[in-house]
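The block underneath contains the structure these notes are about, expressed in structure tokens.
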There are 2 protein chains.
Amino acid sequence: MDLLQENIRTYGKIHDNRIIQVDSFLNHQLDIKLFNEMGKEFQRRFANKNITKILTIETSGIAIASIASQYFGYVPVVFAKKHAGLNMSEDVYSAQVFSYTKNQEYTIKVSKNFLSPTDTILIIDDFLASGAALMGLLDLLKQSGSKVAGIGIAIEKGFQGGRQLIEEHGIQLESLAIIEKIENGQVYFHSPKSSQCS
Amino acid sequence: MDLLQENIRTYGKIHDNRIIQVDSFLNHQLDIKLFNEMGKEFQRRFANKNITKILTIETSGIAIASIASQYFGYVPVVFAKKHAGLNMSEDVYSAQVFSYTKNQEYTIKVSKNFLSPTDTILIIDDFLASGAALMGLLDLLKQSGSKVAGIGIAIEKGFQGGRQLIEEHGIQLESLAIIEKIENGQVYFHSPKSSQCS
């Protein structure tokens with residue numbers, strides 16, 4: 001998706017040829033106009049999938065998923081919690097996820113009330129890197145018996161192996177921008193048409 | 001706002017005549033159609049305020065603020081972080097907040113890049129109870145020199161003193177549903193027209 005790639009090129013800050021900071025438009029300050037374009041594109045890629053609910057994970061996936069819902073008939077958005085408060089029901093599906101950014105394992109939880117075998121779920125998140133968070137979400141969905149329609153990602157770090165993990169499960173994975181490599185402070189995107197860097 | 005009150009009455013779960021759980025539509029599963037109606041109502045109440053940015057706080061404010069932005073000309077949404085990761089810049093405004101729900105103090109942070117003296121900020125959050133989180137956000141805005149246009153809240157627990165704290169600062173506070181009391185498992189709303197319970 002050209003608009004997202006442009007934003008990454010223009011506003012993304014690269015650290016150590018590995019980390020790309022997109023906090024000015026994607027995960028701290030949020031560009032809601034851009035999120036609407038992303039929502040439309042997700043809809044295009046997952047049209048006719050009869051999605052009944054969108055599942056995401058706190059924190060940065062929430063805004064993207066909520067705006068996207070508007071292009072899927074305003075289906076409910078459910079977010080898995082990383083930091084469950086005292087108010088959370090005990091009756092939850094839960095899974096363990098290892099975070100490479102924070103270098104620790106954490107538990108994600110979703111109330112059993114909000115995922116059911118009659119649901120067809122689209123997972124949406126901001127980043128795909130190792131795929132650990134997505135595997136946790138897929139685990140929750142397996143427990144609930146919900147059908148997985150696919151996974152929509154804003155930015156995929158194509159060099160960190162997450163895609164392979166997802167595709168082994170036969171799940172449709174759509175990333176709006178796939179970073180193939182970061183070299184000398186430059187971001188190279190995967191171009192689906194030619195499989196060449198652009 | 002009638003639609004929100006209806007949702008609270010129909011789907012809210014009351015515990016100990018004190019806690020109202022609204023996780024089926026407001027802060028775990030999200031009703032995006034309802035959020036759009038809330039966004040329209042916030043716009044009506046803060047029209048002509050020349051808002052340049054919306055500030056909220058993770059987690060539950062993010063979706064409400066993001067949907068509302070669409071009714072304020074798609075202004076950027078910035079969320080204060082409670083759980084800053086390794087990727088966060090060091091150059092932040094920060095404030096201490098005491099959480100009564102989790103019974104602990106935490107630090108909220110916003111990157112200095114995203115709040116400036118030229119900004120006119122609308123704060124949006126899901127709940128107002130003691131007002132501790134809002135006082136933290138106002139502290140961040142004071143540090144940044146941004147102008148505060150007002151505060152928009154989904155559900156105010158009118159019996160917990162937060163409103164007084166905000167109004168002492170001369171700030172316009174608009175809550176879409178004000179709970180006056182919870183008694184015998186019943187929610188009583190403040191009705192602005194008659195000041196009677198309904």
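Small disclaimer: the values here were computed from a predicted structure and weren't measured. Per chain, numbering begins at 1; letters A, B, ... match sequence-line order.
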Looking at A:V78, A:I62, A:V77, which makes the most heavy-atom pairs under 4.5 Å with chain B?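 The answer is A:V77.
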
Indicate if [X] and [Y] have the same hydrophobic cluster label, given that clusters are the connected sets of ILVMFWY residues with side-chain heavy-atom separations under 4.5 angstrom.
| X | Y | result |
| --- | --- | --- |
| B:L55 | B:Y74 | no |
| A:Y106 | B:Y106 | no |
| B:L176 | B:F25 | yes |

Part of [X] lying under 4.5 Å from any heavy atom of chain A:
| X | answer |
| --- | --- |
| B:S111 | both |
| B:K13 | side chain |
| B:V110 | both |
| B:S24 | both |

Passes side chain to side chain donor-acceptor pair (under 3.5 Å), A:Q21 versus A:D23? Steps please. CA-CA 6 Å; A:Q21 197 182 359; A:D23 61 356; 3.0 Å; yes

Tabulate, in ascending numerical order, the residues of residues 31-43 of chain A having at least one heavy atom closer than 4.5 Å to a heavy atom of chain B, or enter 'none'.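 Within residues 31-43 of chain A, the residues that come under 4.5 Å of chain B (heavy atoms only) are A:I32, A:K33, A:N36.
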
Which of residues 145-155 of chain A have a heavy atom under 4.5 Å from any heavy atom of chain B?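 Answer by number: none.
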
For residues 135-143 of chain A, tabulate all N or O donor-acceptor pairs below 3.5 Å that involve a side-chain atom, not counting sequence neighbours.
residue: A:D139; atom: OD1; partner: A:Q143; partner atom: NE2; Å: 3.0
residue: A:Q143; atom: NE2; partner: A:S94; partner atom: O; Å: 3.0

Keeping [X] on the side-chain end and [Y] on the backbone end, is there a donor-acceptor pair under 3.5 Å?
| X | Y | result |
| --- | --- | --- |
| A:S69 | A:P76 | no |
| A:H28 | B:F79 | yes |
| A:K82 | A:E58 | yes |

Does B:F189 reach the side chain of B:R9, with side-chain heavy atoms less than 4.5 Å apart?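 They are in contact (side-chain heavy atoms under 4.5 Å apart), so the answer is yes.
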
Is any side-chain heavy atom of A:Y188 closer than 4.5 Å to a side-chain heavy atom of A:Q186?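 Yes, at least one pair of side-chain atoms sits under 4.5 Å.
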
Using the side chain to side chain contact (heavy atoms under 4.5 Å, CB included) rule, take B:R163 and B:I178 through it: C-alpha gap first, then chi angles, then the decisive distance, then the call. CA-CA 10 Å; B:R163 173 171 289 272; B:I178 303 176; 3.7 Å; yes

Between side-chain atoms of residues 117-127 of chain B and protein atoms elsewhere (two or more places apart, or another chain), which donor-acceptor pairs fall under 3.5 Å?
residue: B:T118; atom: OG1; partner: B:S116; partner atom: OG; Å: 2.8
residue: B:D119; atom: OD1; partner: B:T52; partner atom: OG1; Å: 2.9
residue: B:D119; atom: OD2; partner: B:S116; partner atom: N; Å: 3.1

